[in-house]
Amino acid sequence: MRIAGWAGMSDTREVGFSFNGRALTGREGEPLAAALLANDIHLVGRSFKYHRPRGILTAGSEEPNALVTVGEGAAQEPNLRATTLPLYEGLAARSQNCWPSVGFDVMAVNDLAAPFLGAGFYYKTFMWPAAFWEKIYEPVIRRAAGLGALSGAPDDGIYEKAYGFCDLLVIGAGPAGLMAALTAARGGADVILCDEDSQPGGRLLSEQETINGNPAQQWVAATLAELDSLDNVRRMARTSVTGVYDQGTYGALETVPAGRGEPARACFWRLVAKRAILAAGALERPVAFANNDRPGIMMAGAVRSYLNRWGVAPGERVTVFANNDDAHRTARDLVAAGVHVAAVIDSRHDAPQSDAFRVVRGAQVCNASGRQRLESLTLRSVSGEEKLQTDCLAMSGGWNPTLHLTCHLNGRPRWRRDLACFVPQDGAVPGLEAVGACRGRFTTTAALQDGAEAGARALEALGKRAVAAELPEAEQAEYRISPLWSVPGRGRAWVDFQNDVTVKDICQAGRENFRSVEHMKRYTTQGMATDQGKSSNVVALAVLAEATGRSIPETGTTTFRPPYVPVPIGVMGAGAEDQGFAPRRLLTSHRLAEDMGAHMMEVGLWYRASYFPKPGETHWRQSCDREVGYVRNAVGVADVSTLGKIDIQGPDAARLLNYVYANGFAKLKPGRVRYGLMLREDGFVMDDGTTACLAPNHYVMTTTTAAAGQVMAHLEFVTQALHPDWDVRINSVTEQWAQFSVAGPKARTLLQELLGTAFEPADWPFMACGEIALGEVSARLFRISFSGEEAYELAVPARYGESLFGELLRRAEGLGGGAYGLEALNVLRIEKGFLTHAEINGTATLHDLGFGGMLASGKPCVGRELAQREGLTARDRMRLVGIKPIGAVQQLTAGAHLFDPQDPVERAHDQGYVTSVCYAPTLGHMIGLALIKAGPNRIGDPIRMVDHTAGLDTLCEIVEPVFFDPEGERARG
């Protein structure tokens with residue numbers, strides 16, 4: 001219910017919103033959870049496993065229960081915390097993980113089957129019969145898994161990424177964080193102040209406290225005014241620091257919630273800070289007792305937040321259950337606001353008494369009643385059991401410092417027995433210091449003092465001087481606590497509310513020897529929900545410690561990992577959606593190819609023509625066979641601009657080439673081209689290609705399309721790390737040149753017609769290169785072949801590419817030829833036994849590919865020594881050969897495995913696999929390349945090809961890998 005005039009939100013305008021289709025009103029900017037409580041709505045969702053009714057538990061990002069879905073279609077966003085989702089006009093939220101409604105959920109039948117669904121039941125249940133897994137178990141589990149659902153439509157959210165740099169990063173804008181930022185800013189440090197809330201102030205916004213004799217909120221406002229007046233301070237609201245990384249780098253998520261008709265916006269920051277102060281406060285933990293998950297049971301601190309900050313009382317008759325003094329504040333504030341407090345039940349025998357409300361000392365709540373809303377409690381004391389009518393329970397098992405970020409570099413917290421909580425280890429993260437409640441200093445005075453001192457130390461570390469300032473006077477009541485983790489009794493006592501993990505589950509894990517807290521976590525799924533166990537972790541490990549007869553420090557904690565709060569994948573990859581994720585790189589011939597009806601395929605990021613169908617052709621093979629015929633019988637034109645082109649110049653250019661290629665390049669003369677194979681440092685083949693010497697100390701290296709970036713990075717590594725003394729410069733020029741292959745018996749005729757007297761065939765022997773004039777355009781011509789025919793590659797500046805392609809096509813068609821695409825190119829190269837990355841697969845050596853003799857002796861090169869290891873030159877390694885079908889089945893498939901005909905088809909007898917296949921129209925049957933154990937020594941032997949996926953079993957013959965023109969006479973013509 002709303003308490004008129006109690007909180008600072010009282011003058012905020014009312015807005016309309018809906019929840020589960022019901023029209024409601026609330027105050028703009030307050031969290032949806034506050035608006036729901038103000039409208040007396042406590043049932044918000046259902047739990048994951050048992051679909052039990054769940055209400056609002058907390059008031060922050062640690063909320064495990066109150067998750068909702070907002071929006072429709074592409075704008076649908078699931079798993080939003082009602083406790084942090086700000087209200088705006090027209091907000092439409094709905095419950096999730098329930099059907100047909102949150103009030104009547106069919107899947108709640110799971111709760112009746114709870115005795116059979118305890119911890120680890122899935123490990124024991126879904127093992128047999130084995131045949132059930134694929135058709136029954138897995139589909140059912142996948143259908144039941146998850147909480148909220150994505151729409152399946154493209155995300156229309158606006159995501160950004162940004163970088164920030166500062167002297168001091170302050171994480172958290174509570175009293176400690178504000179004081180630290182103020183101290184450092186006054187000393188001249190460049191400060192970034194991040195806080196996940198929309199308003200700075202931390203717990204001060206939720207408490208009836210004074211600083212310097214005035215309401216604490218006035219001190220917050222004055223501090224913010226001073227910080228905002230300084231040019232060296234940047235405040236970042238709604239920004240959660242999600243992770244700590246090496247060298248002072250922090251990840252942070254800044255969000256701007258969706259408004260009516262507006263998409264949500266988020267920015268992922270990489271913040272680099274010389275120093276950092278963690279002032280993230282503390283999180284209140286629950287006490288486990290029977291049925292402590294009823295809607296209406298909340299954390300005591302959260303009840304204060306809804307009351308003092310948003311003027312909402314979560315119930316009309318409230319009970320407090322605690323083991324510490326702090327929770328008594330909740331009762332005092334409720335009474336001051338005119339809300340009836342039924343009782344304060346304190347498990348300690350020395351709990352403070354009060355004249356304003358009843359205090360039951362040495363008592364514990366042992367059960368709760370009410371299915372969809374709390375109706376009553378059962379408390380147990382030395383006097384026996386007593387039933388208490390109440391509609392809201394504010395429970396508190398104490399406070400856990402929010403130390404997660406201090407553990408992201410593998411640091412471990414230490415146990416403070418006097419505070420019954422873990423606190424950060426000093427120095428766990430270099431340059432990061434925890435202050436205030438985050439390190440167990442729970443009073444406001446201690447937080448202010450901690451912040452001021454940490455700010456001064458940061459200034460000293462930065463070489464700056466702190467400006468002396470008087471410390472504000474504030475509350476300093478002692479924090480007293482007596483540990484209470486769970487209450488014995490009949491019924492399930494819940495530890496992890498979202499994943500439905502109970503005390504019994506944790507004890508069972510201990511009995512079954514899952515004694516490690518990490519093993520217990522995975523066996524029970526405790527702490528694996530969207531809140532990552534922020535409320536449940538410490539309670540769970542304390543229960544495990546008791547169950548296994550160990551102390552809490554001996555039991556330890558689970559590993560804290562980034563991110564601290566859920567981070568949308570879209571914001572982590574900001575700018576990488578659609579074409580930002582997969583840019584479309586188009587060739588200069590793209591428009592003409594599309595006009596010809598070419599079927600396009602992605603090759604890396606490039607779009608290349610796969611084949612060019614003609615009228616009447618109904619299958620791609622018809623087009624491919626025709627295009628192969630162009631090259632074998634007349635002339636074909638292909639755009640090969642996607643091949644990587646790297647310009648290499650300088651006095652040591654030849655030296656570099658000689659070092660990165662396995663074969664020798666030191667004596668390559670101007671006007672000549674050489675084929676080369678490049679090795680990785682481990683001796684395996686990285687890439688192949690040609691390098692042309694255009695002039696003394698000037699070379700152009702050609703790489704495969706797929707490896708262009710990898711080779712460029714490799715050259716950069718060699719020139720910068722291995723031989724920075726060499727005088728050589730490298731530059732990628734792939735996009736600067738459009739390059740076209742002209743191949744076939746009539747290729748020479750086409751070029752003579754195109755270039756006229758500038759082209760004399762006698763001046764262009766096989767593997768020649770050089771500059772040539774194409775009208776008034778300076779071009780490059782290379783006599784190289786990837787088809788086995790006489791072929792040339794003509795390169796022009798990219799701006800002339802489209803025009804040249806059109807001209808080449810016109811002339812080729814006049815000679816009985818035309819364009820050919822990737823499918824035909826692949827057939828041509830397989831017929832000749834040429835390599836691609838299907839064969840250069842990362843595990844192949846020079847020896848495997850039949851190029852062992854290319855490793856030039858007497859010269860150093862990358863990978864030389866490791867390439868000569870005994871295991872990499874063994875006779876029984878899988879080596880390159882050709883195969884052709886000889887049985888009744890003539891079909892071959894790439895990726896199929898090979899077996900000796902007499903052996904069973906089992907992994908132990910695997911002889912290798914097929915790397916590439918095609919139908920060779922030149923030969924009239926299918927052919928393939930394969931890597932087979934001791935392949936070259938088995939030429940002429942039969943081999944069996946088996947592809948279970950395609951249902952093929954083919955008898956083949958092992959042959960030489962070059963099927964067409966093995967002497968190469970046609971290419972050298």
Side-chain angles (χ1 to χ4, degrees), residues 621 624 677 683-688 704 706 788 823 825-853 867 869-964 966:
R621 260 278 310 281
C624 177
L677 282 159
F684 291 89
V685 178
M686 175 193 293
D687 194 41
D688 72 335
T704 58
E823 295 293 350
L825 185 147
N826 194 48
V827 171
L828 294 165
R829 73 96 184 169
I830 294 175
E831 289 181 345
K832 283 294 294 177
F834 291 152
L835 307 176
T836 65
H837 276 262
E839 290 73 42
I840 304 174
N841 58 13
T843 67
T845 67
L846 290 172
H847 170 74
D848 300 338
L849 300 174
F851 290 102
R869 287 175 287 174
E870 182 178 350
L872 299 190
T873 57
R875 288 172 56 87
D876 62 347
R877 281 183 61 82
M878 289 196 298
R879 301 175 64 190
L880 186 69
V881 292
I883 60 169
K884 64 178 183 179
I886 57 175
V889 179
Q890 293 288 299
Q891 186 74 20
L892 301 179
T893 57
H897 283 258
L898 301 165
F899 301 86
D900 286 330
Q902 70 276 11
D903 288 339
V905 180
E906 297 174 353
R907 185 171 59 179
H909 301 286
D910 195 341
Q911 297 298 301
Y913 70 99
V914 183
T915 61
S916 306
V917 299
C918 72
Y919 175 80
T922 310
L923 306 176
H925 59 78
M926 291 202 74
I927 58 174
L929 299 177
L931 289 168
I932 300 177
K933 291 180 180 178
N937 301 322
R938 303 168 66 176
I939 301 297
D941 291 350
I943 195 82
R944 182 182 175 192
M945 188 210 81
V946 179
D947 184 343
H948 291 305
T949 304
L952 291 175
D953 193 330
T954 306
L955 186 63
C956 302
E957 180 186 351
I958 300 175
V959 297
E960 295 287 350
V962 182
F963 295 88
F964 176 78

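Along the sequence shown, residues are numbered consecutively beginning with 1. When reading the values below, keep in mind they use all heavy atoms of this one structure, side chains included, and skip hydrogens, waters and symmetry mates.
Residues satisfying the side chain to side chain donor-acceptor pair (under 3.5 Å) test with Thr873, not counting sequence neighbours, are none. Every residue two or more places apart in sequence or in another chain was checked for a ring-ring contact (aromatic ring centres under 6.0 Å, His included) with Phe964, and none qualifies. Residues passing the side chain to side chain donor-acceptor pair (under 3.5 Å) test with Asp687 are Thr704, His837, sequence neighbours excluded. For Tyr913, the side chain to side chain donor-acceptor pair (under 3.5 Å) test picks out Asn841, with sequence neighbours left out. By the side chain to side chain contact (heavy atoms under 4.5 Å, CB included) test, Pro966 is found to be paired with Val962, residues two or more places apart in sequence or in another chain being considered. Under the rule for a salt bridge (charged side-chain N to carboxylate O under 4.0 Å, His left out), the partners of Asp848 that lie at least two apart in sequence or sit in another chain are Arg877. Taking Arg621 as the reference, Asp625 meet the side chain to side chain donor-acceptor pair (under 3.5 Å) condition, with sequence neighbours excluded. Every residue meeting the side chain to side chain contact (heavy atoms under 4.5 Å, CB included) condition with Ile939, not counting sequence neighbours, appears here in chain and number order: Val881, Ile958, Glu960.
The two atoms that bring Ser916 and Ala838 nearest to each other are OG-CB, 3.5 Å, heavy atoms only. The shortest heavy-atom contact between Pro942 and Pro901 is O-CD, 3.7 Å. Leu952 approaches Val889 most closely through the heavy-atom pair CD2-CG1, 4.3 Å. Residues Pro936 and Arg879 come closest through the heavy atom pair CD-CB, 3.5 Å.
The line from CD1 of Ile932 to CG of Asp876 is 14.0 Å long, rounded to the nearest 0.5 Å. Here the CG atom belonging to Leu828 is positioned 11.5 Å from the CD atom belonging to Glu823, to the nearest 0.5 angstrom. To the nearest 0.5 Å, the span separating CE on Met878 from NZ on Lys933 amounts to 7.5 Å. Annotation: the span from Glu906 atom CD to His897 atom NE2 amounts to 14.5 Å, rounded to 0.5 Å. Once rounded to the nearest 0.5 Å, the distance linking CG of Leu825 with SG of Cys918 reads 11.5 Å.
The list of salt bridge (Lys or Arg N to Asp or Glu O under 4.0 Å) pairs with a residue in residues 880-895, not counting sequence neighbours, is empty. For residues 835-845, every residue pair satisfying the salt bridge (Lys or Arg N to Asp or Glu O under 4.0 Å) rule, not counting sequence neighbours, is listed here: Arg829-Glu839. Under the salt bridge (Lys or Arg N to Asp or Glu O under 4.0 Å) criterion, the residue pairs touching residues 938-949 are Asp900-Arg938, Arg944-Asp953, with sequence neighbours excluded. Within the structure, no pair that satisfies the salt bridge (Lys or Arg N to Asp or Glu O under 4.0 Å) test touches residues 907-920, not counting sequence neighbours.
Considering only heavy atoms from C-beta on, Val917 stays 4.5 Å or farther from Ile927 through its side chain. Contact check for Asp688 versus Leu849: no side-chain heavy atoms found under the 4.5 Å cut-off. Taking the side chain as every heavy atom from C-beta outward, Leu677 and Leu846 approach each other to under 4.5 Å. Residues Gln911 and Ile943 form a side-chain contact, since some pair of their non-hydrogen atoms from C-beta on lies under 4.5 Å apart. At a threshold of 4.5 Å between non-hydrogen side-chain atoms, the residues Glu831 and Pro921 count as touching. Counting only heavy atoms from C-beta outward, the side chains of Val685 and Leu835 never approach each other to under 4.5 Å. Taking the side chain as every heavy atom from C-beta outward, Leu892 and Met945 approach each other to under 4.5 Å. Side-chain contact check for Cys624 versus Val827: some heavy-atom pair is nearer than 4.5 Å.
For the pair Thr915 (side chain) and Leu929 (backbone), a donor-acceptor distance under 3.5 Å is present.
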